[in-house]
Amino acid sequence: MTNTKILVVEDDDDLRQGLALRLTASGYDVVLAADGLSAVSAARTERPDLVLLDIGLPGGSGLTVLQRYSDAAALMFTPVVVLTGRDPMAIEADVRKYGVAGFLTKPAENDELLRVIERALSGEPDPAAPVAASRR
Amino acid sequence: MTAALNLLLVEDSPSDARLLEAYLEEGMLGVGSIEREGTLGGALARLGRGHVDAVLLDLGLPDSSGLDTIRQVVTSNPEVPVVIVSGLSDESVAEEAVALGAQDYVLKNAVTPKDLARAVTYAIRRQDVIEETERAKSDQLEAKDRFLSHVSHELRTPLAAVHQFVSLVADESVGPLGDEQRKCLLVAMRNIRQLALMIGDLLVMGRMSSGVVEIRAERTRVLDLIGECVSTFQPLASDNDINISIDVDALALPEVWCDPLRTAEVLNNLLDNAIKFTPGGGSIAVRAIPDEESVRVAVRDTGRGVQLENRQRVFEQYFREAGDGDSGRGGLGLGLFVCRELIERQGGRIWLDTDSSARGSCFEFTLPTIEPAHSEAAR
C-alpha cells in the first residue's frame, strides 16, 4: 500500500525542508516545489493527495496556483491547505474563493497543521474555515 | 511667481471693495483677476466652481456675520487660503479668526497696499506649506503601514523555519533527547510562540490604522464557531491541565449576522487569554444565550481575574497588566483592543463582566441577530 503523498510548495529553502521533515516524520510521502510554476507541474506529474501551499511565491503566486488547479480537471478535487505569512485579513477571503481545505498562518503549531491536513485528507467539510484567522 | 492669481474679494460695501481692489492692483504683482461677491452665499457658490487662489473676506455680510462667516468658508473650502479684511480692530476676534483657519487678519482702514499684498502672498505660501506637510504626513503613515505589513510578513517565514526545526528536535523526530535538553527546547518553543504573537500584533497595528479590515457579515451559527474555536484550543488547554466546556442550548439560539472569520478571531483571542491566565486544574466555560435582538457570548475562566483598577482599561491599545510577561505568552497588548474593534464593527458590544464576587474573569460580547441596515455600517 502506498503512503499518502503531500506536495509542499514553499519558496524558503529552510522552511520547505523543515516541513518535509515534519510531514515525513508523521508518515507522509513528501514531494517539493519552490515556485508557482513547478507547483502546477509537480501536481500534474506527482498527483499528490494533498497540497500544502504558500501564497507568496516566485513564478506565479499561490493565488495563481489555486486558479490553475481549479481550472484543471485532474487537479480540481485535490485538497489544498494554505500556509502563509501574509495577513489573513487581507487575503483569506480571496484564498477561500477557491474552496481550500484549510488556511493556516505561519508559523502554525504542528498539532494544528497535522490536524488540518488529516481532516482535509479525510474529505470532511471544512469547519476550520472561520478559525483560520486565528492569531496563534 | 507662477501663473496669474485669481483672487476672490467678498465685500458688501462697494466703496470698500473698490479701495481694496485698487490696493491689490497697486501693491501686488501677478494678480490675474479680482472677482467680487457681496454675500456669503455668492462667495460659497463662486468657491464651489473652483480656481480661486485666495479669498479676502469681510466678516460683516448681509447674509452672515462674524466668525461664523469664516467657519462657513473654511469648512467648505479648506484648501483655499483666507485673509480677513475687517473694519473691526479686535485682537481676540483676530486670534479666533486665525484659530478657525484664516491665514491673516488685516484692518481695512489701517492697511497699506504693500501690507495687503504681503498678507495675501504669504497666506497663499503658508497654505501651500500646510498642504505639503499634510501630504508628507499621510505618505509617512502609509509607508509605516506598508512597512509593518511587510516586516510582519517577512519575519514569519524564517520564524516558521526556526519553529519547525526546533520542534523536530524537541519532539525527538530526529533522535532521542535528554531531559535537560528537552527543557531548554521547550523554553525556545515558548519564545517562538511569543514572537509569533508579537509579529501578528505588528500586522494588526498596521491594518487597524490603514482600515483594510473588511467585515463581511453573513448568517452564522455561533455554536459552530464556538465549537471549532474551542477544539483548536483543546490541545493547549489539556497541556495546561485546564478544562474547557461549552454550555449552549443549540435549539434556543438564533443565528447571528457576523463575519465568521472576525468573530473567530475574537473568540480565539478570548480563549487564548483565558488559558494564559488560568492556572492548572482550572476551567473555562463558553456560553451563548439569546439576548433581545442579539446573542450574548461569554467566556468565563477561573484564573487570576483582572485587577479592579484595570477593568476599564483592558480594551485599551498596548494595555498589559503587570506580570503579563511572566508566562512568556504575551503579545504587544493589542489583543482585546482588536477584539473590541472587530465586535463593534459588526454591530455588537464587548465588555468585561465586573461581578466582583466571581472568581476569574468573564468577557462577554454580543452579535446582532438582525441584518445590519447596510453592510457598510461595519466599516
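Naming convention: chains lettered A, B, ... in sequence-line order (proteins, then strands); numbering from 1 in each chain.
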With sequence neighbours left out, the residues meeting side chain to side chain contact (heavy atoms under 4.5 Å, CB included) with B:A288 are B:I226, B:V248, B:L253, B:V295, B:V297
OG1 (B:T232) and CD (A:E109) are apart, to the nearest 0.5 Å, by 11.5 Å
Value for NZ (A:K106) from OG1 (B:T157), rounded to nearest 0.5 Å, stands at 3.0 Å
Next on the checklist: Under a plain distance cut-off of 3.5 Å, with no hydrogens placed, do A:N110 and B:Q164 share a side-chain donor-acceptor pair?
Outcome noted: yes
**Request:** Side-chain contact test, heavy atoms from C-beta onward, threshold under 4.5 Å: evaluate it for A:R115 versus B:S231 and give yes or no.
**Result:**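 A:R115 vs B:S231: side chains touch.
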For B:A161 and A:D14 the tightest heavy-atom approach is CB-CB, 4.0 Å
Toward chain A, the part of B:D171 with a non-hydrogen atom under 4.5 Å: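 For B:D171, side-chain heavy atoms alone lie under 4.5 Å from chain A.
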>> Quick check on B:R182: does its CZ atom have over 12 non-hydrogen neighbours (other residues, nucleotides or ligands) under 6.0 Å away?
In response: yes
Query - Top contributor to chain B interface from A:G85, A:S26, A:G56 [non-hydrogen pairs under 4.5 Å] - result: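 Maximum pair count with chain B is reached by A:G85.
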Residue from A:E10, A:R16, A:R22, A:R86 scoring the most non-hydrogen pairs under 4.5 Å with chain B is A:R22
query: A:P107 pairs by side-chain contact (heavy atoms from CB on, under 4.5 Å) with which of B:V162, B:L159, B:L195, B:I199?
result: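 Answer after filtering B:V162, B:L159, B:L195, B:I199: B:L159.
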Side chain / backbone / both / neither for [X] at chain B, heavy atoms under 4.5 Å:
| X | answer |
| --- | --- |
| A:L83 | neither |
| A:D111 | side chain |
| A:Q17 | both |

Q: Please determine if A:D12 and B:R156 form a salt bridge, counting it only when a charged side-chain N lies under 4.0 Å from a carboxylate O.
A: no
